Amino acid sequence: PIMDACERALKSFSERDDQPGRLQSYREGVELLYKQLGDTLARLGVIALEAKGRKFDPHMHEALVHLETPEHEDNTVVEELRRGYLLKERLLRPAQVVVASSPKPKKDDDPDHG
(Lines give C-alpha, C1' and ligand atoms only; values in the text may rest on other atoms or scores of the structure.)
Protein backbone atom coordinates (compact mmCIF):
# COMPACT_ATOMS: atom_id res chain seq x y z
CA PRO A 1 0.00 0.00 0.00
CA ILE A 2 2.85 2.44 0.69
CA MET A 3 4.25 1.83 -2.79
CA ASP A 4 0.75 2.36 -4.24
CA ALA A 5 0.44 5.70 -2.43
CA CYS A 6 3.82 6.83 -3.71
CA GLU A 7 2.91 5.85 -7.28
CA ARG A 8 -0.39 7.76 -7.08
CA ALA A 9 1.40 10.82 -5.68
CA LEU A 10 4.00 10.73 -8.46
CA LYS A 11 1.32 10.35 -11.16
CA SER A 12 -0.58 13.36 -9.80
CA PHE A 13 2.14 15.79 -10.87
CA SER A 14 2.04 17.38 -14.28
CA GLU A 15 4.51 19.42 -16.29
CA ARG A 16 2.26 22.51 -16.02
CA ASP A 17 2.17 23.00 -12.23
CA ASP A 18 1.85 26.66 -11.17
CA GLN A 19 4.67 26.54 -8.62
CA PRO A 20 7.29 24.33 -10.27
CA GLY A 21 10.03 25.01 -7.70
CA ARG A 22 7.96 23.99 -4.68
CA LEU A 23 6.22 21.13 -6.41
CA GLN A 24 9.46 19.87 -7.96
CA SER A 25 11.03 19.70 -4.50
CA TYR A 26 8.03 17.78 -3.16
CA ARG A 27 8.13 15.44 -6.15
CA GLU A 28 11.83 14.73 -5.63
CA GLY A 29 11.11 13.88 -1.98
CA VAL A 30 8.37 11.42 -2.93
CA GLU A 31 10.62 9.89 -5.63
CA LEU A 32 13.41 9.41 -3.07
CA LEU A 33 10.99 7.79 -0.60
CA TYR A 34 9.65 5.53 -3.35
CA LYS A 35 13.16 4.50 -4.43
CA GLN A 36 14.34 3.82 -0.88
CA LEU A 37 11.28 1.73 -0.09
CA GLY A 38 11.65 -0.17 -3.37
CA ASP A 39 15.34 -0.85 -2.63
CA THR A 40 14.48 -2.11 0.85
CA LEU A 41 11.78 -4.43 -0.49
CA ALA A 42 14.16 -5.72 -3.19
CA ARG A 43 16.77 -6.59 -0.53
CA LEU A 44 14.06 -8.63 1.21
CA GLY A 45 13.30 -10.49 -2.03
CA VAL A 46 10.18 -8.58 -3.09
CA ILE A 47 9.98 -7.79 -6.80
CA ALA A 48 7.27 -6.09 -8.84
CA LEU A 49 5.39 -8.06 -11.47
CA GLU A 50 5.54 -6.77 -15.03
CA ALA A 51 1.96 -7.10 -16.23
CA LYS A 52 1.26 -4.61 -19.03
CA GLY A 53 1.61 -6.11 -22.48
CA ARG A 54 1.77 -9.69 -21.20
CA LYS A 55 -0.75 -12.48 -21.52
CA PHE A 56 -3.31 -12.55 -18.72
CA ASP A 57 -2.33 -15.15 -16.13
CA PRO A 58 -5.04 -15.83 -13.51
CA HIS A 59 -2.31 -17.03 -11.13
CA MET A 60 -0.55 -13.65 -11.26
CA HIS A 61 -3.25 -11.18 -12.33
CA GLU A 62 -6.70 -10.17 -11.11
CA ALA A 63 -8.83 -8.94 -14.02
CA LEU A 64 -10.96 -6.03 -12.85
CA VAL A 65 -12.06 -4.94 -16.32
CA HIS A 66 -12.39 -6.67 -19.70
CA LEU A 67 -12.00 -4.12 -22.48
CA GLU A 68 -13.38 -4.96 -25.91
CA THR A 69 -10.79 -3.65 -28.33
CA PRO A 70 -9.45 -4.58 -31.76
CA GLU A 71 -6.18 -2.78 -30.94
CA HIS A 72 -4.77 -5.51 -28.67
CA GLU A 73 -4.54 -9.25 -28.89
CA ASP A 74 -7.27 -11.10 -26.99
CA ASN A 75 -6.38 -11.90 -23.36
CA THR A 76 -3.54 -9.35 -23.17
CA VAL A 77 -3.06 -7.03 -20.19
CA VAL A 78 -3.54 -3.50 -21.55
CA GLU A 79 -3.36 -1.56 -18.29
CA GLU A 80 -2.12 -2.17 -14.78
CA LEU A 81 -4.41 -0.62 -12.15
CA ARG A 82 -2.46 -1.87 -9.13
CA ARG A 83 0.99 -3.42 -9.27
CA GLY A 84 1.49 -7.01 -8.20
CA TYR A 85 4.46 -8.35 -6.23
CA LEU A 86 6.40 -11.56 -5.79
CA LEU A 87 8.27 -12.53 -2.65
CA LYS A 88 11.14 -14.84 -3.54
CA GLU A 89 9.24 -16.16 -6.58
CA ARG A 90 5.97 -16.66 -4.64
CA LEU A 91 2.98 -14.45 -5.30
CA LEU A 92 2.66 -11.83 -2.60
CA ARG A 93 -0.12 -9.85 -4.27
CA PRO A 94 -1.67 -10.23 -7.74
CA ALA A 95 -1.63 -7.32 -10.15
CA GLN A 96 -5.05 -5.79 -10.74
CA VAL A 97 -5.37 -5.32 -14.47
CA VAL A 98 -7.48 -4.41 -17.50
CA VAL A 99 -7.56 -7.27 -20.02
CA ALA A 100 -8.26 -6.97 -23.75
CA SER A 101 -10.97 -9.06 -25.32
CA SER A 102 -12.07 -9.34 -28.93
CA PRO A 103 -15.05 -7.15 -29.79
CA LYS A 104 -18.29 -9.09 -30.05
CA PRO A 105 -19.90 -8.94 -33.50
CA LYS A 106 -22.82 -6.55 -33.70
CA LYS A 107 -26.21 -8.00 -34.60
CA ASP A 108 -26.07 -6.03 -37.87
CA ASP A 109 -22.81 -7.83 -38.77
CA ASP A 110 -24.24 -11.30 -38.09
CA PRO A 111 -25.70 -12.78 -41.30
CA ASP A 112 -27.90 -15.17 -39.30
CA HIS A 113 -29.77 -12.21 -37.75
CA GLY A 114 -30.60 -10.20 -40.88
Side-chain angles (χ1 to χ4, degrees):
I2 296 168
M3 295 293 283
D4 295 337
C6 288
E7 286 178 7
R8 280 192 302 276
L10 290 171
K11 286 179 183 177
S12 70
F13 290 98
S14 72
E15 297 291 326
R16 299 174 288 153
D17 291 322
D18 292 334
Q19 300 173 341
R22 190 173 109 201
L23 291 176
Q24 182 61 27
S25 176
Y26 180 75
R27 180 184 174 90
E28 289 169 1
V30 173
E31 286 174 340
L32 181 61
L33 173 65
Y34 183 75
K35 182 182 179 329
Q36 289 173 338
L37 182 56
D39 291 345
T40 299
L41 290 173
R43 282 193 300 274
L44 296 171
V46 176
I47 58 171
L49 287 173
E50 294 296 326
K52 188 173 180 180
R54 300 194 183 229
K55 281 288 190 192
F56 175 74
D57 179 349
H59 301 295
M60 297 289 174
H61 307 132
E62 179 182 356
L64 297 184
V65 177
H66 287 272
L67 177 66
E68 289 187 18
T69 176
E71 297 174 19
H72 299 280
E73 189 175 325
D74 197 35
N75 217 26
T76 300
V77 174
V78 295
E79 187 177 350
E80 184 178 77
L81 302 174
R82 187 182 79 177
R83 190 166 297 214
Y85 292 93
L86 297 173
L87 173 60
K88 298 182 182 179
E89 300 188 24
R90 293 186 62 206
L91 184 64
L92 184 62
R93 179 178 89 174
Q96 292 182 335
V97 298
V98 175
V99 180
S101 63
S102 298
K104 295 179 180 130
K106 296 177 183 175
K107 290 185 180 184
D108 298 346
D109 297 340
D110 188 352
D112 294 335
H113 290 92

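Quick caveat, the model's predicted, so the values are computed rather than measured. Quick note: numbers below take in every heavy atom, side chains included, and nothing from hydrogens, waters or symmetry partners.
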Engineer: Consider only side-chain heavy atoms of I, L, V, M, F, W and Y, link residues closer than 4.5 Å, and tell whether L37 and I47 are in one cluster.
Structural biologist: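 In one cluster with L37: I47, no.
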Engineer: Extract all donor-acceptor atom pairs below 3.5 Å that involve side chains of residues 95-102 and protein atoms in other chains or at least two apart in sequence.
Structural biologist:
residue	atom	partner	partner atom	Å
Q96	NE2	E62	OE1	3.4

Engineer: Please tabulate, one pair per line, all N/O donor-acceptor pairs under 3.5 Å involving side-chain atoms of residues 80-91, not counting sequence neighbours.
Structural biologist:
residue	atom	partner	partner atom	Å
R83	NE	E7	OE2	3.4

Engineer: Does anything in residues 31-41 pair up under salt bridge (Lys or Arg N to Asp or Glu O under 4.0 Å), and if so which pairs, sequence neighbours excluded?
Structural biologist: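 Every salt bridge (Lys or Arg N to Asp or Glu O under 4.0 Å) pair that includes a residue of residues 31-41, provided the two are not neighbours, is R27-E31, K35-D39.
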Engineer: Could you check R93 against D4 for side-chain contact (heavy atoms from CB on, under 4.5 Å), going step by step and ending with a plain yes or no?
Structural biologist: CA-CA 12 Å; R93 179 178 89 174; D4 295 337; 2.9 Å; yes
Engineer: Find the distance between OG1 (T76) and CG (L67) and round it off to the nearest 0.5 Å.
Structural biologist: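 That separation rounds to 11.5 Å.
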Engineer: List the residues meeting side chain to side chain donor-acceptor pair (under 3.5 Å) with E28, not counting sequence neighbours, and say none if there are none.
Structural biologist: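 Only Q24 meet the side chain to side chain donor-acceptor pair (under 3.5 Å) criterion with E28.
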Engineer: Going by the rule side chain to side chain donor-acceptor pair (under 3.5 Å), which residues pair with D74 if we only count those two or more places apart in sequence or in a different chain?
Structural biologist: none
Engineer: Name all pairs fulfilling the ring pair (Phe, Tyr, Trp, His ring centres under 6.0 Å) condition that reach into residues 51-78, sequence neighbours left out, sorted by first residue then second.
Structural biologist: F56-H61
Engineer: For L41 and M3: C-alpha separation, side-chain torsions, deciding distance, then whether side-chain contact (heavy atoms from CB on, under 4.5 Å) applies.
Structural biologist: CA-CA 10 Å; L41 290 173; M3 295 293 283; 3.9 Å; yes
Engineer: Under the salt bridge (charged side-chain N to carboxylate O under 4.0 Å, His left out) test, which residues partner E68, sequence neighbours left out?
Structural biologist: K104
Engineer: Scan residues 45-56 for pairs that pass side chain to side chain donor-acceptor pair (under 3.5 Å), counting only residues two or more places apart or in two chains.
Structural biologist: K55-E73
Engineer: For Y34, give me all partners under ring-ring contact (aromatic ring centres under 6.0 Å, His included), at least two apart in sequence or on another chain.
Structural biologist: none
